[in-house]
Amino acid sequence: IIACSTASGIFEKNRNYFEKKFNTPIVTMLNASLSAKVNKTTKNNKIGIISTSLTKQVDQFALFLKNRKPELLIFSNAAPLLVEQITLGNYCSKETFLIAKQYTEPLFSNNIDTLILGCTHFHFARPVLEELCKNQIRLIEPAPIAIEHLKNLFITDYYDNSNAGIINLMVTGDVSD
């Protein structure tokens, strides 16, 4: 599982290469379960995505969702200062609220009814984002959806009681951090 939206976008852009290289099923934040959740959640087909700058630049969330449902109108905004606030441990401060508001208001002005948290860090600021959404805009977090998708993948396609599994863990940073 690739548990980073930016890495997921880069992977999806190069999926064929990576699937041949690793020869194992790889689940990213962009998967059929996410597409199904978006389709089930939106009523007006207007989706907002907040993410890191690189995730927005790679733009695989919008491409992935539009390939599955072309009528979606997708509006995205990079939120680098929100990522920074969360990294500093300022999940729900007044400053975090104001920063999140700055990034979400342009999306809200497009009458979105669904907001995808396109960075796994944003889970920590969910209370702030929920307050900004005022129960009018539904939030979708790809990470729990990816975990459920992975579980279903193994139950239906790869689970075999007679074989022990192999787990390979790879990280992009120092594991002692």
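This structure is a prediction, so every number in the text was calculated from the model and none was measured.
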(message) What I'd like to find out is whether the side chain of Cys119 reaches to under 4.5 Å of the side chain of Ile50, using heavy atoms alone.
(response) no

(request) Go through the side-chain N and O atoms of Ser8 and Gln60 and say whether any donor and acceptor fall under 3.5 Å apart. (result) no

(message) If you define the side chain from C-beta out and look only at heavy atoms, does anything of Glu95 sit under 4.5 Å from Ile99?
(response) yes

(request) Look only at the side chain of Asp59 and the backbone of Thr55, and say whether a donor-acceptor pair between them is shorter than 3.5 Å. (result) no

(request) Decide whether Thr96 and Ser93 meet the rule of one side-chain donor and one side-chain acceptor closer than 3.5 Å. (result) yes

(message) Between Asp113 and Asn45 (side chain of the first, backbone of the second, donor and acceptor by atom type, cut-off under 3.5 Å), is there such a pair?
(response) no

(request) Kindly give the heavy-atom pair with the smallest separation between Ala78 and Ser53, and that separation in Å. (result) CB-CA, 3.6 Å

(request) Treat each ILVMFWY residue as a node, draw an edge where side-chain heavy atoms are under 4.5 Å apart, and state whether Leu30 and Leu65 are in one component. (result) yes

(message) So which atom in Ala146 and which in Val27 form the shortest heavy-atom distance, rounded to 0.1 Å?
(response) O-CG1, 3.8 Å

(message) For Ser35, is there any backbone N or O sitting under 3.5 Å from a side-chain donor or acceptor partner on Arg68?
(response) no

(request) Check whether any side-chain N or O of Asn152 sits under 3.5 Å from a backbone N or O of His149 as a donor-acceptor pair, and report yes or no. (result) no

(request) Kindly compute the distance separating CG (Asn90) from CZ (Phe97), expressed to the nearest 0.5 Å. (result) 15.5 Å

(message) Closer than 3.5 angstrom, by distance alone: can the side chain of Asn110 be matched with the main-chain N or O of Ile112 as a donor-acceptor pair?
(response) no

(request) Measure the CZ-OG distance between Phe61 and Ser5 for me, rounded to the nearest 0.5 Å. (result) 4.0 Å

(request) Report the C-alpha distance between Cys133 and Phe108 in whole Å, list the side-chain angles of each, state the deciding distance to 0.1 Å, and finish with yes or no for side-chain contact (heavy atoms from CB on, under 4.5 Å). (result) CA-CA 8 Å; Cys133 289; Phe108 297 165; 3.9 Å; yes

(request) Output, in order, the C-alpha distance, side-chain angles, deciding distance and verdict of side-chain contact (heavy atoms from CB on, under 4.5 Å) for Leu34 and Met29. (result) CA-CA 8 Å; Leu34 173 63; Met29 297 298 105; 5.8 Å; no

(request) Considering non-hydrogen atoms only, spot the tightest contact between Ala143 and Thr120 and give its length. (result) CB-CG2, 4.2 Å

(message) Would the distance check show the side chain of Tyr103 and the main-chain N or O of Leu81 forming a donor-acceptor pair, the cut-off being under 3.5 Å?
(response) yes

(request) Examine distances only and state if a side-chain atom of Thr41 and a backbone atom of Lys37 form a donor-acceptor pair shorter than 3.5 Å. (result) yes

(message) With rounding to the nearest 0.5 angstrom, report the CD to CG distance, Glu131 to Leu129.
(response) 10.0 Å

(message) Would a single hydrophobic cluster contain both Phe22 and Ile2, if residues Ile, Leu, Val, Met, Phe, Trp and Tyr are joined by side-chain heavy-atom contacts under 4.5 Å?
(response) yes

(message) If you apply the rule side-chain contact (heavy atoms from CB on, under 4.5 Å), what do you find for Glu130 with Asn135, and how did you get there?
(response) CA-CA 7 Å; Glu130 286 174 339; Asn135 294 323; over 6 Å; no

(request) Please check if Tyr91 and Leu139 belong to a single hydrophobic cluster, counting links between Ile, Leu, Val, Met, Phe, Trp and Tyr side chain heavy atoms closer than 4.5 Å. (result) yes

(message) Between Thr87 and His121, is there a side-chain heavy-atom distance shorter than 4.5 Å?
(response) yes

(message) Count I, L, V, M, F, W, Y as connected when their side-chain heavy atoms are under 4.5 Å apart, and connections chain through other members. Are Ile86 and Leu98 then in the same cluster?
(response) yes

(message) Regarding Lys66 and Glu71, does a basic nitrogen lie under 4.0 Å from an acidic carboxylate oxygen?
(response) no

(request) Output yes when a side-chain donor or acceptor of Asn14 lies under 3.5 Å from a complementary backbone atom of Tyr17, and no otherwise. (result) no

(message) Nearest 0.5 Å, please: how far is CD in Gln85 from CZ in Phe124?
(response) 14.5 Å

(request) Establish whether Phe122 and Ile145 are linked, either directly or via other cluster members, by ILVMFWY side-chain heavy-atom contacts under 4.5 Å. (result) no

(message) Strictly distance-based, threshold 3.5 Å: is any side-chain N or O of Ser76 a donor or acceptor partner for the main-chain N or O of Ile49?
(response) no

(request) Mind running side-chain contact (heavy atoms from CB on, under 4.5 Å) on Ile47 and Ile116 for me, showing each step along the way? (result) CA-CA 7 Å; Ile47 309 297; Ile116 297 173; 3.7 Å; yes

(message) Rounded at 0.5 Å granularity, tell me how far CG in Asn31 sits from CD in Glu12.
(response) 8.5 Å

(request) Check whether any side-chain heavy atom of Val58 lies under 4.5 Å from a side-chain heavy atom of Leu63, and answer yes or no. (result) no

(message) In the structure I gave you, are the side-chain heavy atoms of Leu107 and Ile137 within less than 4.5 Å of one another anywhere?
(response) no

(message) Looking at Thr42 and Thr114, would you say the former's side chain and the latter's main chain have a donor-acceptor pair under 3.5 Å?
(response) no

(request) Enter the distance from Phe18:CZ to Ile26:CD1 here, rounded to the nearest 0.5 Å. (result) 8.0 Å

